[in-house]
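Right, one structure below, let's go through it.
All values below were derived from every heavy atom in this structure, side-chain atoms included, with hydrogens, water molecules and symmetry-related copies excluded.
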Amino acid sequence: MANFSKPSVPRFSVDVYQNEYLPEGGSEVNAIVTVTSTGGGTLAGATAAPRPAGPDAGAAVALMVDCSGSMDYPPTKMRNARDATAAAVDTLRDGVHFAVIGGTHVAKEVYPGGGRLAVADAVTREQAKQALRRLSAGGGTAIGTWLRLADRLLSSADVAIRHGILLTDGRNEHESPEDLKAALDACAGRFTCDARGVGTDWEVKEVTSIASALLGSADIVADPAGLAADFTRMMENAMGKEVADVALRVWTPVGTTIRFVKQVAPTVEELTGRRTEAGPRAGDYPTGSWGDESRDYHVCVEVPAAGLGQEMLAARVSLVVPQPDGSAQNLGAQGLVRAVWTDDMTASTSINPQVAHYTGQAELAQAIQEGLDLRKAGDIDGATAKLGRAVQLAGASGNADTAKLLAKVVDVVDAATGTVRLKAKVAEADEMTLETRSTKTVRVKK
């Protein structure tokens with residue numbers, strides 16, 4: 001049994017990569033903002049939100065396991081799901097609050113029951129695994145009910161980190177898309193959630209939309225035998241989170257407009273529409289929970305054109321966490337995005353390598369998604385063009401993992417020019433894996 005020691009509060013840093021030089025009349029400023037948290041202490045006296053007393057009262061986890069009838073086809077699927085959930089339970093750190101939910105067209109408390117959470121120790125982990133052995137398949141699928149139960153249970157704990165892990169093998173057929181969206185809207189910002197689709201009978205866009213709305217990861221486990229290893233990794237990652245609800249706060253001066261803010265590594269995630277106002281000319285963009293890790297964000301700002309030789313602060317980026325009194329605590333790290341107008345054509349027309357790289361990675365994700373949608377719609381020429389462009393971008397940026405996935409869907413004639421042919425036959429698992437992982441990016445080659 002893995003029993004991880006509790007990490008210390010991370011120290012945050014912010015680095016900005018940009019070409020600050022604009023030509024005369026230029027107004028668009030692009031920057032890549034790298035946020036890094038490393039274990040060990042705090043920065044400038046900043047700390048995570050106050051934590052309640054207890055052996056480890058900082059985290060709560062809800063495990064949502066699909067128990068619909070399709071989980072019995074083949075019967076090994078349900079057994080693998082039970083084993084995977086047991087492996088995740090074994091990975092829980094002592095003192096973490098947790099619950100197991102069985103999901104069908106309704107959500108049921110599998111363990112501990114009674115509308116409460118258990119506290120992880122040797123006894124409760126064993127009791128949870130005993131309860132898992134009684135899980136059986138039957139019924140429909142209404143994922144929104146699972147998420148709402150997880151939210152109720154997680155909110156009952158006075159903790160900083162709230163996390164869900166959700167496994168499904170089928171489509172969300174027993175509630176409307178509107179019901180699922182309403183559940184996601186209700187849960188957003190209250191807990192993060194990793195979502196996994198097992199087998200090939202689930203809907204990629206449903207699973208990825210759950211992870212996106214709840215700032216978690218999404219992936220396919222095509223072979224149910226791989227579930228235990230995947231669940232263990234997910235729980236290890238959840239146990240490493242130490243600061244919840246971190247927001248990227250972007251301040252801009254009068255006259256500027258934020259065109260977009262998006263996460264670009266380790267995955268592409270659009271954040272622009274998730275802004276919440278944070279005082280005069282400042283807005284907060286949610287990033288979820290952090291442990292020991294680094295992520296990249298692309299900030300694009302439109303500034304008022306200025307004369308040659310003039311310069312201005314286009315944006316100031318900092319990190320904040322909410323406090324119980326409704327205020328926000330600054331984590332002490334910030335980065336500055338600048339604009340300088342010049343008549344030096346070489347300076348003003350060069351594109352920063354990080355900005356160029358991640359612009360390509362975002363286009364790569366979009367090309368894959370559009371290409372697969374066109375392929376499903378029977379538009380062979382359109383699909384070939386989009387997936388060919390994706391092959392070209394994956395090769396140019398060194399995204400070898402995505403290039404390998406693309407090669408299972410198209411025959412690559414010339415990667416450099418994006419010349420491809422659609423394969424006549426594609427395994428469903430290969431197409432779903434490419435779609436699910438299309439937003440995964442690689443960092444700039446050193």
Side-chain angles (χ1 to χ4, degrees), residues 6-14 33 35-62 93 95-97 117 150-164 184-193 213-216 238-252 258 261 263 269 271-295 297 299 315-336:
K6 190 163 74 97
S8 54
V9 176
R11 177 190 299 265
F12 284 87
S13 63
V14 173
V33 178
V35 179
T36 304
S37 64
T38 51
T42 61
L43 187 62
T47 61
R51 298 160 67 93
D56 183 345
V61 180
R93 196 170 58 234
V96 169
H97 298 69
L117 297 167
D151 183 34
R152 286 197 298 275
L153 293 172
L154 291 171
S155 65
S156 70
D158 187 12
V159 296
I161 306 288
R162 295 183 177 90
H163 192 80
L184 289 170
D185 289 345
C187 296
R190 294 173 60 80
F191 67 95
T192 54
C193 185
L214 302 182
L215 297 173
M239 291 297 93
K241 302 298 185 185
E242 195 64 12
V243 182
D245 303 326
V246 176
L248 203 67
R249 176 165 290 180
V250 183
W251 175 91
T252 51
I258 294 182
V261 175
Q263 178 182 288
E269 191 65 63
L271 300 176
T272 312
R274 303 188 193 188
R275 174 186 171 108
T276 56
E277 297 306 314
R281 301 192 301 282
D284 289 349
Y285 299 85
T287 69
S289 301
W290 286 72
D292 198 346
E293 59 192 294
S294 181
R295 306 179 201 170
Y297 299 88
V299 176
R316 182 173 63 239
V317 181
S318 56
L319 299 166
V320 298
V321 290
Q323 298 298 295
D325 63 2
S327 65
Q329 182 185 12
N330 196 300
L331 289 175
Q334 74 168 17
L336 304 179

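No donor-acceptor pair closer than 3.5 Å links the side chain of Arg190 to the backbone N or O of Leu154. Between the side chain of Thr272 and the backbone N or O of Val261 there is at least one donor-acceptor pair closer than 3.5 Å.
In this structure, Arg275 and Ile258 have side chains that are in contact, with non-hydrogen atoms separated by less than 4.5 Å. Proximity of Val250 to Tyr297: side-chain heavy atoms (C-beta onward) are nowhere separated by under 4.5 Å.
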(message) Quick one, His163 with Val96, criterion side chain to side chain contact (heavy atoms under 4.5 Å, CB included). Give me CA distance, side-chain angles, the key distance, then yes/no.
(response) CA-CA 11 Å; His163 192 80; Val96 169; over 6 Å; no

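Partner of Leu319 under the side chain to side chain contact (heavy atoms under 4.5 Å, CB included) criterion, out of Asp284, Val246, Val243: Val246 alone. Partner of Ser37 under the side chain to side chain contact (heavy atoms under 4.5 Å, CB included) criterion, chosen from Arg295, Glu293, Glu242: Glu293. Screening Ile161, Leu214, Leu153, Val61 for a side chain to side chain contact (heavy atoms under 4.5 Å, CB included) involving Phe191 leaves a single residue, Leu214.
Rounding to the nearest 0.5 Å places CG of Asp245 at 9.5 Å from CG of Leu215. Within the model, atoms CG of Asp292 and NZ of Lys241 stand 10.0 Å from one another, a figure rounded to the nearest 0.5 Å. Atom CH2 in Trp290 sits 7.0 Å away from atom OG1 in Thr36 (nearest 0.5 Å). Here the straight-line distance linking atom CZ of Arg93 with atom CE of Met239 works out to 5.5 Å at 0.5 Å rounding. The structure places SG of Cys193 at 11.0 Å from CG of Asp151, a figure rounded to the nearest 0.5 Å.
Residues satisfying the salt bridge (charged side-chain N to carboxylate O under 4.0 Å, His left out) criterion with Arg152, sequence neighbours excluded, are absent altogether. By the salt bridge (charged side-chain N to carboxylate O under 4.0 Å, His left out) test, Arg316 pairs with no residue at all, sequence neighbours left out.
Glu277 and Ala282 make their closest contact through OE1-O, 3.5 Å (heavy atoms, listed as atom of the first residue, atom of the second, distance).
Between Glu269 and Arg274 there is a salt bridge, since at least one side-chain N of the basic residue sits less than 4.0 Å from a carboxylate O of the acidic one.
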